[in-house]
Student: 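Starting off with a structure, shown below.
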Number of protein chains: 2
Amino acid sequence: MAQSESRQGRKSARNGNSSVTLEDVARLAGVSTITVSRALNYPDKVAAKTLAKVNRAISQTGYVPNLLAGGLASRRTRLIAAIIPSITNLVYAETIQYFSSRLNDAGYQVLLGESGYPEQSEQKLISAILSRRPDGILLTGVNHSADCRRLLLAAKIPLVETWDLTPTPLDVIVGFSHERIGMAVADFVAAKGYRRVGTVSASDRRAQFREKTLIDRLATHGITDITRGEVPAPTDLHRGRIGLVRLLDDGFSAGVVCCSSDTLAHGVLIEAQSRAIRVPEEIAIVGFGDQSFAADTFPALSTVRIDRPRMGKLAADVLLARIEDDTVDEQVIDVGFEIVERGTT
Amino acid sequence: MAQSESRQGRKSARNGNSSVTLEDVARLAGVSTITVSRALNYPDKVAAKTLAKVNRAISQTGYVPNLLAGGLASRRTRLIAAIIPSITNLVYAETIQYFSSRLNDAGYQVLLGESGYPEQSEQKLISAILSRRPDGILLTGVNHSADCRRLLLAAKIPLVETWDLTPTPLDVIVGFSHERIGMAVADFVAAKGYRRVGTVSASDRRAQFREKTLIDRLATHGITDITRGEVPAPTDLHRGRIGLVRLLDDGFSAGVVCCSSDTLAHGVLIEAQSRAIRVPEEIAIVGFGDQSFAADTFPALSTVRIDRPRMGKLAADVLLARIEDDTVDEQVIDVGFEIVERGTT
DNA sequence: TGCAGCAATGTTAGCGCTGTCATTTCACTT
DNA sequence: AAGTGAAATGACAGCGCTAACATTGCTGCA
């Protein structure tokens with residue numbers, strides 16, 4: 001038990017602010033620094049007695065590991081970056097919440113980056129993120145500029161794309177098909193017997209794509225009376241309301257309005273109510289996303305459900321598998337979708 | 001111009017994955033590593049010609065700096081942590097968005113931590129965050145456990161608390177007074193002549209505190225007919241609807257419902273509409289937060305405006321001032337609030 | 001008794017960068 | 001031509017940790 005008090009204050013120098021280091025803990029516990037390191041990272045490689053001594057020393061000193069140093073030495077930062085269009089868009093925030101919680105449980109932290117603000121280019125964002133040497137990255141969408149693709153691939157770390165599907169992902173992808181959703185919504189409204197269709201879509205690549213496939217598919221059902229409405233990208237109630245105003249101004253009436261998000265759909269619903277237009281009798285509404293509020297509007301919103309919790313968790317699992325085993329069963333995972341019919345249709 | 005091609009492949013060893021380092025850039029540019037470092041961090045300390053050479057070498061090699069190494073050496077990580085209750089609560093997400101964008105402009109990145117999930121204790125969260133050695137931390141609220149206070153203060157880095165006010169902040173604080181809001185809302189509904197008051201408050205420390213001061217203040221106006229309703233913490237439309245159902249079940253009618261968030265208020269509004277209760281004639285509603293949707297409900301929501309953009313930006317500015325100059329004019333900054341009267345009262 | 005074999009612990013050498021101080025360069029005086 | 005000071009650049013050590021290999025101690029078996 002009695003350990004020699006060898007190796008003392010060897011260095012020092014620049015260390016003005018006296019933060020506690022592994023060496024301090026090691027000295028107090030009477031072991032070498034590597035043993036403390038092992039006690040923290042691989043506790044079962046250390047004898048129980050030693051572990052106890054080390055843990056005592058850690059709590060006595062109030063030691064907080066330095067992951068910069070650890071990451072530099074081990075090339076593992078336990079940091080995962082996630083790039084989403086906007087943190088204030090609940091559908092992304094929710095996905096990330098599930099993604100993060102899974103990764104936190106596995107000992108990782110998530111660094112968030114917002115790509116929706118083109119003032120700072122996506123490339124700069126990615127550079128900034130890569131300079132922290134994350135162990136993996138989550139991306140939203142599949143449309144990356146050539147420069148971004150190059151940067152990401154050069155980093156040689158696991159990547160997971162989400163919110164879309166492609167047969168040729170950068171690495172792995174967990175998402176759903178916007179094309180199939182557009183078609184499914186078209187089939188749904190056609191089957192319900194609507195003959196006039198209005199759209200309120202955000203000026204967002206994926207939203208526009210769903211709208212396009214919706215319209216194309218409607219044509220195959222013989223529905224060509226389409227009134228299109230586009231609103232700027234961050235969707236909110238206001239833009240939904242404006243969306244309906246525009247449709248009405250353009251002569252739309254007595255049909256179904258297909259929206260690119262539940263928020264827009266809710267705005268359309270409110271605008272209809274403010275004009276005493278009966279929903280769904282006069283105007284029906286379909287949203288997208290099945291956000292938590294969709295079941296609680298009045299009438300409740302018919303929409304397309306995306307299983308965001310599952311997408312977030314799966315993205316985390318796939319990334320962890322790639323990081324820890326470097327293996328992965330499937331490169332492309334389709335989480336699918338489901339049309340949820342409620343009161344607005 | 002012709003530089004000697006001295007210092008060649010000195011080391012190597014563990015560097016299996018051949019990522020580009022400062023040394024590679026330096027060699028290509030024909031300068032020393034420290035010059036490249038300066039070219040990146042203090043470009044005006046480097047001659048224009050040298051800068052050009054270095055920049056050429058950087059883009060030729062595709063060099064991405066390693067902030068782990070840089071942070072370790074310089075003790076500045078350019079990382080700021082922000083702890084918020086939940087990323088899916090828009091009021092916090094929005095504050096953080098402004099906070100982040102300010103900090104991004106200043107060359108910092110924000111690492112988000114969610115404290116709302118008590119499975120992992122706040123203390124663990126803080127430890128995890130501190131192990132990345134952030135240059136500063138944003139905290140939401142002023143109620144930290146003794147252990148957390150100790151950890152935070154021991155880190156000796158700038159801290160900014162938000163969303164509340166106290167004369168004794170850990171470091172600096174940018175927020176508003178929940179007590180004064182409770183009182184102001186009481187004064188407002190009393191002045192509007194309401195004699196019966198219902199509450200729908202989230203089971204959240206600050207919401208409960210506003211409710212308490214509201215009720216106390218109402219008493220001074222002679223209003224004691226209060227029906228209280230509490231709902232679990234993450235607020236959504238559903239809980240707002242349930243809140244009104246409970247109030248009605250408890251006999252509440254013909255009065256004003258004061259809610260602890262705009263989302264709850266919106267839920268109350270929807271539930272009222274679903275029951276054909278006229279708003280504001282039969283039931284009036286007051287929200288809290290003035291979220292972007294508050295002006296777009298029908299009728300539009302009367303609420304308490306908190307200037308979240310300003311709070312976020314100010315928190316960033318104050319933190320930057322503390323980090324870069326270590327000075328700060330005021331320790332306590334009150335961003336105030338404002339009652340916004342719209343259609344639901 | 002001696003030694004194989006494994007568990008536990010230690011030594012060494014960096015990881016990639018920047019602070020500090022030292023040196024060189026060069027325009028400008030006198 | 002020599003001297004001066006500021007600007008530009010460089011050498012070196014070390015930030016705090018861990019990978020890789022080395023050493024020690026100990027069990028068990030021939």
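Every chain is numbered from 1, with letters handed out A, B, ... down the list of sequences.
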Student: Can you check whether B:Gly175's main-chain N or O pairs, donor with acceptor, with B:Thr162's side chain at less than 3.5 Å?
Tutor: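 Flag not set: sc B:Thr162 to bb B:Gly175 has no pair under 3.5 Å.
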Student: To the nearest angstrom, how far is B:Leu68 atom CG from D:dG14 atom C1'?
Tutor: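 It is 17 Å, rounded to the nearest whole Å.
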Student: Round to a whole Å and report the spacing from CZ of B:Arg132 to P of D:dG16.
Tutor: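 One finds 18 Å between P of D:dG16 and CZ of B:Arg132, rounded.
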Student: Between C:dT18 atom P and B:Asn66 atom CG, what is the distance in whole Å?
Tutor: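 Atom CG in B:Asn66 sits about 9 Å away from atom P in C:dT18.
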Student: Return the nearest nucleotide to the side chain of B:Ser32; candidates are D:dC17, C:dC17, D:dA11.
Tutor: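 From the listed options, D:dA11 comes nearest.
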Student: Quick one: A:Arg38 CZ to D:dA19 P, roughly how many Å, whole number?
Tutor: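 After rounding, the gap between these two atoms is 10 Å.
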Student: Out of C:dG16, D:dG10, D:dT18, which nucleotide sits closest to the side chain of A:Thr33?
Tutor: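 Of the candidates, D:dT18 comes closest.
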Student: Reckon B:Ser37 has a side-chain N or O less than 4.0 Å from the OP1 or OP2 of C:dT18?
Tutor: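 The answer is yes; a side-chain N or O of B:Ser37 sits under 4.0 Å from OP1 or OP2.
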Student: Could you check B:Thr50 against B:Ala69 and say which one's nearest nucleotide on DNA chain D is further toward the 5' end?
Tutor: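 It is B:Thr50, whose closest nucleotide lies nearer the 5' terminus.
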Student: Would you indicate which nucleotide in D:dA19, C:dG19, C:dT9 comes nearest to any side-chain atom of B:Ser74?
Tutor: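 The answer is C:dG19, which lies nearest to the side chain.
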Student: Take atom CZ of A:Arg75 and atom C1' of D:dA19, then tell me their distance rounded to the nearest Å.
Tutor: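 So the CZ-C1' distance, A:Arg75 to D:dA19, works out to 11 Å.
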Student: So which pairs with a foot in residues 133-143 of chain A pass side-chain hydrogen bond (donor to acceptor under 3.5 Å, both in side chains), sequence neighbours left out?
Tutor: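 Every pair satisfying side-chain hydrogen bond (donor to acceptor under 3.5 Å, both in side chains) with a residue in residues 133-143 of chain A: A:Thr77-A:Asp135.
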Student: So which nucleotide from D:dT18, C:dG16, D:dG10 ends up closest to the side chain of A:Leu22?
Tutor: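 Selected nucleotide (nearest to the side chain): D:dT18.
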Student: Distance-only, no hydrogens or angles: does the B:Thr61 side chain make a donor-acceptor pair with backbone N or O of B:Ala57 under 3.5 Å?
Tutor: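 Indeed, once roles are kept as given, a pair shorter than 3.5 Å links the two residues.
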Student: Using modelled atom types only, decide if a donor and an acceptor are shared between the side chain of B:Glu122 and the backbone of B:Cys148 within a distance under 3.5 Å.
Tutor: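 Not at all, since once roles are kept as given, no pair shorter than 3.5 Å links the two residues.
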Student: When you measure from the side chain of B:Thr21, which nucleotide among C:dC17, D:dC17, D:dG10 comes out closest?
Tutor: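 Per side-chain heavy atoms of B:Thr21, the pick is C:dC17.
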Student: Return the minimal non-hydrogen interatomic distance between A:Gln97 and B:Glu114, and the atom names on each side.
Tutor: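 Of all heavy-atom pairs spanning A:Gln97 and B:Glu114, the closest is NE2-OE2, 2.8 Å.
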Student: Can you tell which of D:dG16, D:dC15, C:dG10 lies closest to the side chain of B:Ala73?
Tutor: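 Looking only at heavy atoms from C-beta outward on B:Ala73, the closest nucleotide is D:dC15.
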Student: Quick one: B:Lys49 NZ to C:dC26 C1', roughly how many Å, whole number?
Tutor: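 Those two atoms, NZ and C1', are 13 Å apart.
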Student: Once you round it to whole Å, what is the distance between P of D:dC17 and CD of A:Glu23?
Tutor: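 The distance from CD of A:Glu23 to P of D:dC17 comes to 9 Å, rounded to the nearest Å.
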Student: Using modelled atom types and a 3.5 Å cut-off, is there a donor and acceptor pairing between side-chain atoms of A:Asp24 and backbone atoms of A:Thr21?
Tutor: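 Yes: the side chain of A:Asp24 pairs with the backbone of A:Thr21.
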Student: Can you tell me how far C1' of C:dA7 sits from CG of A:Leu51, to the nearest Å?
Tutor: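 Roughly 15 Å, once rounded to whole Å.
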Student: Can you list, in residue-number order, the parts of residues 39-47 of chain B that come under 4.0 Å of DNA chain C, counting heavy atoms only?
Tutor: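 Going residue by residue through residues 39-47 of chain B, the ones with a heavy atom under 4.0 Å of DNA chain C turn out to be B:Asn41, B:Tyr42.
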Student: Using a 3.5 Å cut-off and no angle test, enumerate the donor-acceptor pairs between side-chain atoms of residues 309-317 of chain B and protein atoms at least two apart in sequence or in another chain.
Tutor:
| from | atom 1 | to | atom 2 | distance (Å) |
| --- | --- | --- | --- | --- |
| B:Asp317 | OD1 | B:Arg102 | NE | 2.9 |
| B:Asp317 | OD2 | B:Arg102 | NH2 | 2.9 |

Student: Given C:dT9, is OP1 or OP2 found less than 4.0 Å from the side-chain N or O atoms of A:Thr35?
Tutor: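 Indeed not, no polar side-chain atom of A:Thr35 lies that close.
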